[in-house]
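Just so it is clear, the model here is predicted, and its values are computed rather than measured. In what follows, every chain begins at residue 1, and chains take the letters A, B, ... in the order their sequences are listed.
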Amino acid sequence: MFSTHPRQPPMQDKYTPAAVEVAAQQHWESTQAFKVAEDAGKPKYYCLSMFPYPSGKLHMGHVRNYTIGDVLARYHRMRGFNVLQPMGWDAFGMPAENAAIQNNVPPAKWTCANIDYMKTQLKRLGFAIDWSRELATCKPDYYRWEQWLFTRLYQKGLIYKKLGTVNWDPVDETVLANEQVIDGRGWRSGAVIEKREIPMYYMKITAYADELLEALDALPGWPEQVKLMQKNWIGRSEGVEVHFPYEVSTIGSSGVLKVFTTRADTLLGATYVAVAAEHPLALQAAANDPELAAFIDECRHGGVAEADLATMEKKGMATGLRVVHPLTGEHLPVWIANYVLMGYGEGAVMAVPAHDERDFAFATKYRLPIRMVVRSTRDAYTDTVAPWQDAYAEQGRLVNSGKYDSLHFQDAVDAIATDLAAKGLGAKRTQYRLRDWGISRQRYWGCPIPMIHCADCGDVPVPDEQLPVVLPEDVAVTGRGSPLAKMPRFYECDCPKCGKQAKRETDTMDTFVESSWYFLRYASADNGQAMVDERVNYWAPVDQYIGGIEHAILHLLYSRFFTRAMRDEGLVDVSEPFTNLLTQGMVVAETYYRDADGGKKQWINPADVEVERDEKGRIVAAKLTADGAPVVIGGIEKMAKSKNNGVDPQALVDQYGADTARLFIIFAAPPDQQLEWSDSGVEGAYRFLRRVWSFGHVFVSELRPQLPADRQLDAVRLPEALAAVRREIHVCLRQANYDFGKHQFNTVVSAAMKILNALEKAPREVGAAHAQVAEEGLDILLRLLAPITPHVAHALWQDCGFAGDLLHASWPEPSETALRQDEIDLVLQVNGKLRGTLRVAAGASNSAIEALALGSEAAQKFMEGKPPRKVVVVPGRLVNIVV
RNA sequence: GCCGGGGUGGUGAAAUCGGUAUACACAGCGGACUUAAAAUCCGCCGCCUUCGGGCUUACGGGUUCAAGUCCCGUCCCCGGCACCA
């Protein structure tokens, strides 16, 4: 109160992020800096971050995603590219319906309000976005083209209808998403979920399975891990389809049970077959067997998620039916097993307990025979087969297989397939794990499927002139049933073919459909006459796509499929939508909680907690600031509402500004790793920007006036101390450019910090030369920081008197003159251990270095008089003397 | 269960083609400035040590003159599994 601030700097020396950022953003806004059009004179760079679901407000994961994208966009602009960075909203989806149920607000209204707010947040963060291309998938001018394409693909046969299995909540009489099924029960009703078969539309993604697989090899810009996951997901496997003829005496009719196997070599080891609970043979057997019927009923309980099916207890029951082994003629029992699924392959598998772990466990449990037919190279089998060993599943030479004995895997498969084909009981076949994409959803807040069901004409696509089928927006959502199915004014219509009264489809599409083509729509977002136009072939493909690793399979695979489907419709030239892919890691933070009633945990926000540290700085305890009583440290978790460990980006921006938020996010971890939140790390980022700011203004007031007229630094002979500072700056720049190339932005920030450290420590007494080095260093520093902290860089660029708009400045390159060194230090090792350093001339020969090393004091000492056995010289790095 | 990824100081992390492990920060400790505090600046900071040095990249082996990096095995953590987006 009474104090003055005698050393308080002049006004412009104080870093005030809010003022700096508003000014920079106004400048970009008034110059329309980020609005782009096609330009044949420049290479184009289409930089795209995955568009957000408008959930309410931005979370830290969004800020990270869009900061990474913005860094790349601004960097490429300075590299001379014509950069497009658009933004939009993935606006259909379940959360809007849940909010509608909870707060009694229509999904459309809720969604639009969220979009408005989140857009202001994105603008405040200073992203270089071309907002003129903004789109929202819930708007008819977007989804009408999705409906239009649907009718095209339907007429082409690429979309078809069949039964699919869903989670049915018998109490709420509604279909649930997998995440709404918890331990086999509905999340709201608590009712036991049943599997139910309903008619659904499917996109024939399997028609592109081979192309989607093969083309992965031509995507060098994608992370190997993502390509591998997609490859495994598509799951191409070469195998044999085997037909087991029905035993007529038990089944009562002739026919064959089809199974697919990749291990046809083990066919002679098959001791039973298993079918899904919904399989026709299962239903037939259950018809007059109440016990079997009860078991099938039990199999219907629980959800459809694969992770649940794979981890549940394997159960089965014999049907009393038999099939005939196609090669031996042996009669094998047919079992119903809960782990066999009707939707996968043929809904039936052959079981070889001796060589398949799951079959082994099943056979052991139900005392079914186990017959060894493969002797692996490790000769793992003894006379007793239990317990299971992984080696049992290995390929090897056949035994106990009659004429196939001693054949190895591939020869055995070939011979068996040939014999099966001769008998008409099987053949080689390629199978995919990938299944067709079921896109029907029994939900309200989605894109209506443009189909009309007519009693006479069947399923009829909505004609072009009747599109879009507009989703009514003034709707009450209750969570019971589907609102559209209860809305005659929506579903009552006339058949487009015969004109009779018909019924409109009331299912909507999977929201993955909207996100499978939005990146193409951005190129021609203003076109009201067509889905895309010729501009798409200027911008597509996306040069750099950035988003969470959690989308590695579904979203990215659907987008690759959709791009091809649109290509084959003549809408776009390219096949691959995303040339380069950067998968960003999660944002995580510490959690704290207290035990509450009923074994529940009461999660406490980290902002309300104080931590205690020991003398090493380790956190040893934590307490709630409000009451001073201890809380439990819950470990590091993904930022989430449920764990109350989220940090609100808005509060961060309000307190420190957008540049500090961006700098911390970029510096704390490389983009593809998880990012651990740290309030003190944010402080550190802010401190750095303040130092940059004050150095800039020291330059303006003290150094710039000393600059000589001739500014050719490369021609100047600098004092050694200053030459070292300049070399350090250029070494850091070289490092930063290398790191930018591999998207390791955290070390670009390190390099910027090192440059500032070097500038601050530069010897001041050398006057004009110092001012010159400082000017060059500051020039480099501001351009390096321009993509990361664009506002502060923009302001300092102006204040320090550098020419032009920093947005259009060129990217800096290190000077060879500045990097030149006459002598270098090598590491001296004896027997691989560090024993000293060796100063040598930069161009010294290996033999000269070797001689110098052997003669050195350190080498003499640690060689202990023994003769060198070998001397390894790594030029520019080290010398290793082996004795 | 299946597929993919990760594990380096007290903490976030760095180490480019197998070549000085711990750059750059954060936290902590000590000092300067201040009536005091904040801010700022300077210094120290992997572990052990008989002060010669020895040890250290989740754990156990292996290859190599040399391994955080390559190979084999184990443990733990995370992402995805088709209706969350």
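Within 4.0 Å (heavy atoms only), A:Lys638 reaches no atom of the nucleic acid at all. A:Asp825 comes within 4.0 angstrom of nothing in the nucleic acid, heavy atoms only. Looking at heavy-atom distances under 4.0 Å, A:Gln735 makes contact with a base. Across all strands, A:Arg433 comes closer than 4.0 Å to base atoms (heavy-atom distances). Within 4.0 Å of A:Glu306, counting heavy atoms only, lies at least one base atom of the nucleic acid. Using a 4.0 Å heavy-atom distance criterion, A:Gly585 is classed as making no nucleic acid contact. Among the heavy atoms of the strands, none lies under 4.0 Å from A:Asp672. A:Leu434 comes within 4.0 angstrom of a nucleotide base, judged by non-hydrogen atoms across all strands. Contact annotation for A:Phe92: no contact, since no heavy-atom pair falls under 4.0 Å across all strands. Counting any heavy atom pair closer than 4.0 Å across all strands shown, A:Pro670 reaches sugar-phosphate atoms only and no base atom. Across all strands, A:Lys231 comes closer than 4.0 Å to no nucleic acid atom at all (heavy-atom distances). Within 4.0 Å (heavy atoms only), A:Met586 reaches sugar-phosphate atoms of the nucleic acid but no base atom. When heavy atoms are screened at a 4.0 angstrom cut-off, A:Gln225 is found touching the sugar-phosphate backbone but no base atom. Looking at heavy-atom distances under 4.0 Å, A:Thr511 makes contact with sugar-phosphate atoms alone, never a base.
With sequence neighbours left out, the ring-ring contact (aromatic ring centres under 6.0 Å, His included) criterion links A:Trp445 to A:Phe92. Every residue two or more places apart in sequence or in another chain that forms a ring-ring contact (aromatic ring centres under 6.0 Å, His included) with A:Tyr545 is listed here: A:His555, A:Phe578. Not counting sequence neighbours, the partners of A:Pro17 by the side chain to side chain contact (heavy atoms under 4.5 Å, CB included) test are A:Tyr15, A:Glu21, A:Tyr686. With sequence neighbours left out, the side chain to side chain donor-acceptor pair (under 3.5 Å) criterion links A:Asn757 to A:Arg691. Scanning for side chain to side chain donor-acceptor pair (under 3.5 Å) contacts around A:Gln744 gives A:Thr747, with sequence neighbours left out. Partners of A:Asp825 under the side chain to side chain donor-acceptor pair (under 3.5 Å) rule, at least two apart in sequence or in another chain, are A:Arg839. Taking A:Ser189 as the reference, A:Asp169 meet the side chain to side chain donor-acceptor pair (under 3.5 Å) condition, with sequence neighbours excluded. Applying the side chain to side chain contact (heavy atoms under 4.5 Å, CB included) test to A:Leu554 and every residue at least two apart in sequence or in another chain returns A:Trp233, A:Phe512, A:Tyr558. Remark: A:Glu676 pairs with A:Val588, A:Ile636 by the side chain to side chain contact (heavy atoms under 4.5 Å, CB included) rule, at least two apart or across chains.
When the C1' atom of B:A13 is taken as reference, atom CD of A:Gln673 falls 8 Å away, rounded to whole Å. In this structure, A:His551 places its NE2 atom 10 Å from P of B:C81, rounding to the nearest Å. If you take CG of A:Leu554 and C1' of B:C81, they are 8 Å apart, rounded to a whole angstrom. The separation between A:Leu556 atom CG and B:C81 atom P is 13 Å, rounded to whole Å. With rounding to whole Å, A:Phe360 atom CZ is found 17 Å from B:G1 atom P. To the nearest angstrom, P of B:C81 lies 13 Å from CD of A:Gln230. Rounded to an integer number of Å, the gap from CG of A:Leu675 to C1' of B:A13 is 11 Å. Per the geometry, CD belonging to A:Gln674 stands 7 Å off P belonging to B:A13, to the nearest Å.
Residues A:Met753 and A:Ala310 both approach RNA chain B. Their nearest nucleotides, taken by heavy-atom distance, put A:Ala310 toward the 5′ side. Sequence order on RNA chain B of the closest nucleotides to A:Met229 and A:Lys754 puts A:Met229 first from the 5' end.
Between A:Glu97 and A:Arg188 no salt bridge is recorded (no basic side-chain N to carboxylate O distance below 4.0 Å). Salt-bridge check for A:Asp436 with A:Lys204: failed, with every basic side-chain N at 4.0 Å or more from each acidic carboxylate O. Taking the charged nitrogens against the carboxylate oxygens, A:Glu728 and A:Lys761 have no contact shorter than 4.0 Å, which rules out a salt bridge.
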For this session: In sequence, state the C-alpha distance, the side-chain angles, and the governing distance for A:Gln735 and A:Asp739, and then conclude on side-chain hydrogen bond (donor to acceptor under 3.5 Å, both in side chains).
Result: CA-CA 6 Å; A:Gln735 182 69 50; A:Asp739 291 342; 3.2 Å; yes
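Annotated as syn: B:G52, whose O4'-C1'-N torsion sits within 90° of 0. The glycosidic torsion of B:G62 lies more than 90° away from 0, placing the base in the anti range. Glycosidic conformation, B:C17: syn, with the torsion inside 90° of 0.
Note on A:Asn746: a side-chain N or O is less than 4.0 Å away from OP1 or OP2 of B:A14. Using a 4.0 Å cut-off, no side-chain N or O of A:Asn178 falls inside it from OP1 or OP2 of B:C84. Regarding contacts with the backbone of B:G1, every side-chain N or O of A:Arg358 stays at 4.0 angstrom or more from both OP1 and OP2. Under 4.0 angstrom from either OP1 or OP2 of B:C26 there lies at least one side-chain N or O belonging to A:Arg687. Proximity of A:Lys833 to the phosphate of B:C55: a side-chain N or O atom is located under 4.0 Å from OP1 or OP2. A:Arg435 has no side-chain polar atom (N or O) that falls below the 4.0 Å cut-off from OP1 or OP2 of B:A82.
Of the residues in residues 867-880 of chain A, those lying under 4.0 Å from RNA chain B by heavy-atom distance are A:Lys870, A:Val872, A:Val874, A:Arg877, A:Leu878, A:Asn880.
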Protein-nucleotides 42-45 of chain B N/O pairs under 3.5 Å:
none

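B:G4 sits 15 Å from B:C71 when the P atoms are compared, rounded to a whole Å. Comparing B:A36 with B:A23, their P atoms sit 34 Å apart, to the nearest whole Å. Distance check on atom P: B:A38 versus B:A32 gives 14 Å, rounded to whole Å. For B:U20 and B:C29, the P atoms lie 34 Å apart once the distance is rounded to whole Å.
Distance CZ/A:Arg869 to CG/A:Asn831: 8.0 Å, rounded to 0.5 Å.
Exactly one residue among A:Trp437, A:Phe562, A:Phe561, A:Tyr432 makes a ring pair (Phe, Tyr, Trp, His ring centres under 6.0 Å) with A:Tyr208. That residue is A:Phe561.
In RNA chain B, the stems built from three or more successive Watson-Crick or G-U pairs (distances below 3.5 Å) are B:1-7 with B:75-81, B:10-12 with B:24-26, B:28-32 with B:40-44, B:46-48 with B:53-55, B:58-62 with B:70-74.
Minimum atom distance to the side chain of A:Asn232 is reached by B:G4, of the listed B:A15, B:A85, B:G4.
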